[in-house]
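Only one structure is covered here, and it is reproduced in the block below.
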Amino acid sequence: MIYQFVVATLHNYSDTPVPEILKDENILLRYDAIMNDGPTDGRLLISQYSKKIFLKSNLPPPREQFVILHELGHYFLEYKNDILHLSRTELGGRMEWQATLFAALYLLKNKEPGSPIIDFLQLNGCPKNTACKVYDYLSDLATCEISP
């Protein structure tokens, strides 16, 4: 199950601030105006020499944070688990969903009890349609009986 895989991976990093994660993992951020006209807000590139997250240079801070967390999701869930996947993925595909869920769950640890999940995620840079999908997914999980 994707949720268990993401939670198990996130467990080791959920209390670590994003800048510290980037430093500990030796991941560099690069702001690239060339990406501003492209379809994606960020891209993780890993070579034998470096690990970099490329970002659009015009992202608002909350969106930037979400994109960095999403790319860290790719890093931890794919690269660190030897499922290196650097080619294009279909939007909404399993790896994209895992990275998005990683970003959302990292952020949700700071949500005040009683505040709406969708609103909280949107305020923290998650697009509305994605926040709705995360909410629906978590709601479905909450209504399911999970066996040990």
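In what follows, every heavy atom counts, from backbone to side chain, and hydrogens, waters and symmetry copies are set aside.
- V6 places none of its side-chain heavy atoms less than 4.5 Å from the side chain of T9.
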| request: Show your working on side chain to side chain contact (heavy atoms under 4.5 Å, CB included) between F102 and H74 and close with a plain yes or no. | output: CA-CA 9 Å; F102 180 94; H74 283 300; over 6 Å; no
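- Closest approach of L69 to A103, counting heavy atoms only: CB-CB, 3.6 Å.
- Cluster annotation: M35 and L28 are assigned to distinct hydrophobic clusters (Ile/Leu/Val/Met/Phe/Trp/Tyr, side-chain heavy-atom contacts under 4.5 Å, transitive).
- Contact annotation: the side chain of F76 never approaches that of N12 to less than 4.5 Å [non-hydrogen atoms, C-beta and beyond].
- By the 4.5 Å heavy-atom criterion applied to side chains, I21 and I27 are not counted as neighbours.
- Taking the six-membered ring for Trp and the full ring otherwise, the centers of Y106 and Y13 sit at least 6.0 Å from each other.
- Taking each heavy atom of F66 and P127 in turn, the nearest pair found is CE2-CD, 4.4 Å.
- In this structure, K133 NZ and N129 CG are separated by 5.5 Å, a value rounded to the nearest 0.5 Å.
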Could you pull out every donor-acceptor pair under 3.5 Å between side chains of residues 48-58 and any protein atom, sequence neighbours left out?
from: K51; atom 1: NZ; to: E25; atom 2: O; distance (Å): 2.6
from: K51; atom 1: NZ; to: Y75; atom 2: OH; distance (Å): 3.4
from: K56; atom 1: NZ; to: G38; atom 2: O; distance (Å): 3.1
from: K56; atom 1: NZ; to: D41; atom 2: OD1; distance (Å): 3.2
from: S57; atom 1: OG; to: N36; atom 2: OD1; distance (Å): 3.4
from: S57; atom 1: OG; to: N36; atom 2: ND2; distance (Å): 2.9

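- Between E20 and P17 the shortest side-chain heavy-atom distance falls below 4.5 Å.
- Annotation for A131 and C126: closest pair N-SG, 3.5 Å, computed over non-hydrogen atoms.
- Note on ring orientation: taking the six-membered ring where Trp is involved, the planes of Y137 and Y3 are tilted (angle from 30° to 60°).
- Note that the CE atom of M95 and the CD atom of E78 stand 5.0 Å from one another [nearest 0.5 Å].
- If you check the side chains of H70 and E96, you find a donor sitting under 3.5 Å from an acceptor.
- To the nearest 0.5 angstrom, L22 atom CG is 11.0 Å from T16 atom OG1.
- S139 is linked by a side-chain contact (heavy atoms from CB on, under 4.5 Å) to Y135, counting only residues two or more places apart in sequence or in another chain.
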Which pairs would a plain distance check flag for residues 113-125, meaning a side-chain donor or acceptor within less than 3.5 Å of a matching protein atom at least two apart in sequence or in another chain?
from: S115; atom 1: OG; to: E112; atom 2: O; distance (Å): 2.8
from: N124; atom 1: ND2; to: F120; atom 2: O; distance (Å): 2.8

